[in-house]
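Written out below as structure tokens is the structure these notes cover.
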Amino acid sequence: MNYASIIAKKEIRGYITSPAAYIVLVIFLLLAGWFFANPLFLNNQADMRGLFSLIPIIYLFFIPAITMGLLAKERNSGTIELLTTLPIKDSDIIMGKFWASLLLIGIGLLFTLIHVLTIVILGKNIDYGSIFCGYLGLILLGGVYSAIGVFSSSVTSNQIVAFIISFFIVFLLFILQYSLLFIPGFLTGIFQYLSVSYHFSNISRGVIDTRNIIYFLSLIVVFLKLSQFALSSRKWK
Amino acid sequence: MIQLQNLSKDFGTLRAVDSINFDINEGEILGFLGPNGAGKTTTLRMISCFLDPTAGNIHIGKYNVREHSLQIRKMIGYLPEHNPLYTEMTVYDYLQFIAEIREITNFKKRLKEVLEQCGLHGVIHKPINILSKGYKQRVGFAQAILHDPKILLLDEPTSGLDPNQIVEIRKLIKELGKEKTLLISSHILQEVQAVCDRIVIINEGRIVADGSTEELKSSFQNKTRLELELNASEKELKQMTDKLKNISINSITPKEDKYNLTELEYDSIADRRVDIYNYIKAKKWTLLEMHRVNVSLEAVFRNLTIEGGE
């Protein structure tokens with residue numbers, strides 16, 4: 001078996017045996033359900049757009065919460081010494097943690113498919129393409145936030161601090177799109193390109209553009225590389 | 001088998017380990033002794049590839065830690081200080097996780113052997129956090145020996161255990177030492193004395209002594225101390241040492257009746273006990289006790305690690 005998947009398996013087992021993961025997952029699903037059902041009856045329109053625009057906001061809390069312990073807890077309890085003296089590369093450790101987080105997000109998203117079922121029952125002429133794109137966008141966005149969460153968890157031994165750092169970074173990336181009004185004109189292009197919301201809204205509208213995909217993938221790579229660097233820095237610090 | 005060459009480690013401006021050199025031979029049980037903060041854990045962490053050396057290198061067989069970290073980690077079993085464990089896992093899940101990463105084939109069979117060796121049968125499906133400290137330590141040992149490594153690094157393996165548990169862990173260490181190369185760090189002398197063939201003493205990042213237990217003791221034993229309990233006055237004792245020559249009185253402690261507890265000292269080259277006994281016999285003193293005072297490793301250790309010590 002691949003080393004990263006052994007680490008991921010261990011983390012998933014940790015999620016399964018800890019009540020915290022269930023609580024966070026249940027809150028995620030409750031909020032998603034509320035945000036889906038409310039406009040559904042108000043607007044009398046069967047679509048997923050409301051949900052797709054609100055899950056990224058729930059993500060802001062959900063993902064920092066599920067990633068904060070991934071490395072910070074190992075540092076705090078000293079098991080990091082155990083893990084890093086096993087014959088595996090630091091990159092495998094980081095990848096394993098990242099996959100575990102993404103898998104838990106995937107499980108959360110899987111449960112939201114029940115809302116898709118509601119729409120299929122209630123609505124006509126359903127745009128399956130845009131639903132698919134919405135989910136693709138949510139998975140990519142979840143990947144970016146997970147990478148940021150893993151990074152934040154790798155720089156501290158305090159889970160609360162890890163939560164705050166990752167919340168700060170994801171919130172910044174999220175808010176850029178909405179702060180364009182206050183930014184000098186010549187910078188708006190750059191800020192818009194850096195904002196996750198801009199790229200996510202492009203994808204969730206049903207346009208799969210390589211530029212958006214590359215944006216998400218490169219952010220994931222950058223933050224995972226930074227995490228790896230932070231983890232390895234123990235050696236020479 | 002393991003060679004440390006000019007090994008140094010800096011933490012900022014603090015030099016934790018200062019160019020130390022020593023070899024560990026195959027099959028040897030080496031005690032790595034020093035007061036707290038001497039650099040023992042840092043050295044072990046460099047051998048286990050948790051930290052990179054600032055200068056120098058460590059060779060194990062044909063590998064070295066700077067270039068072949070993964071190969072070295074495969075060869076080593078490591079029990080870190082304070083024995084960190086994934087306490088929310090059960091013993092079985094934990095060892096299975098280690099086995100998967102260590103790519104142990106035939107896990108079931110190996111697990112059986114290790115459980116036998118570490119005495120973990122009864123607790124295999126219990127979560128680690130409910131186990132006693134002694135059992136946790138055994139889980140740590142099981143983790144370290146699961147892949148049957150040639151080299152075992154144990155960082156203070158008995159710290160925090162009660163005397164019964166310590167005896168059991170020592171027994172386990174001796175058992176393991178029959179077929180493996182062991183490096184055991186400790187600040188407890190009796191422990192090292194009990195299980196190790198050779199001792200390296202480190203203080204403030206430098207090696208201050210290296211030799212077998214006996215060698216270290218004898219290097220501090222050029223004087224023999226003799227303790228006597230007998231009914232002779234101080235004056236009479238002075239007369240005796242004057243007559244016998246080259247014997248000095250270290251101390252005289254009065255006891256009940258006319259008895260004195262006297263400590264004599266003479267050069268170890270000659271055994272003066274016969275002279276002393278004959279003199280006492282001639283004087284018809286009553287001798288209740290006469291024995292040599294052993295120079296303990298304790299004294300050696302204090303001498304080496306405390307500046308301006310006795």
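Order of the sequence lines fixes the chain letters, A, B, ..., with proteins taken first and strands second; residue numbering starts at 1 for each chain.
- A pairwise comparison of heavy atoms in B:S69 and A:K235 identifies OG-NZ, 4.2 Å as the closest pair.
- Of the possible polar contacts, one joining the B:R73 side chain to the A:L86 backbone as a donor-acceptor pair under 3.5 Å is found.
- Contacts of B:M46 with chain A are absent, with no heavy-atom separation under 4.5 Å from either backbone or side chain.
- Atom CD of B:E179 is surrounded by more than 12 heavy atoms from other residues, nucleotides or ligands within 6.0 Å.
- In this structure, the portion of B:L85 lying under 4.5 Å from any heavy atom of chain A is its backbone and not its side chain.
- Summarising the geometry, atom CZ belonging to A:R13 is positioned 5.0 Å from atom CE belonging to B:M89; distances are rounded to the nearest 0.5 Å.
- No more than 12 heavy atoms of other residues, nucleotides or ligands lie within 6.0 Å of CZ in A:F111, so this atom counts as exposed by the packing criterion.
- At a 4.5 Å heavy-atom cutoff, B:N83 makes no contact with chain A through either its backbone or its side chain.
- For B:Q96, the part lying under 4.5 angstrom from a heavy atom of chain A is the side chain only.
- For A:F229, the CZ atom is loosely surrounded, since the number of other residues' heavy atoms within 6.0 Å does not exceed 12.
- Distance CD1/B:I72 to OG1/A:T85: 13.0 Å, rounded to 0.5 Å.
- The most heavy-atom pairs under 4.5 Å with chain B, out of A:D92, A:T17, A:L83, come from A:L83.
- Interface remark: A:K73 contributes side-chain atoms only to the contact with chain B (heavy atom separation under 4.5 Å).
- The line from CZ of B:F50 to OG1 of A:T84 is 4.5 Å long, rounded to the nearest 0.5 Å.
- The two residues A:Y3 and B:I101 make their nearest non-hydrogen contact at CE2-O, 3.5 Å.
- By the neighbour-count criterion of 12 heavy atoms within 6.0 Å, atom CZ of B:R15 is densely surrounded, having more than that number from other residues, nucleotides or ligands.
- Annotation: side chain of B:Y78 is not in contact with side chain of A:L82 (no heavy-atom distance under 4.5 Å).
- Using a cut-off of 4.0 Å between Lys/Arg side-chain N and Asp/Glu carboxylate O, A:K10 and B:E100 are scored as not salt-bridged.
- Within 6.0 Å of CG in A:L172 there are more than 12 heavy atoms belonging to other residues, nucleotides or ligands.
- Counting non-hydrogen atoms of neighbouring residues, nucleotides and ligands closer than 6.0 angstrom, the NZ atom of B:K180 exceeds 12 such neighbours.
- Other residues, nucleotides and ligands place more than 12 heavy atoms under 6.0 Å from the NE2 atom of B:H68.
- Heavy atoms closer than 4.5 Å to chain B are found in the backbone of A:S77, but not in its side chain.
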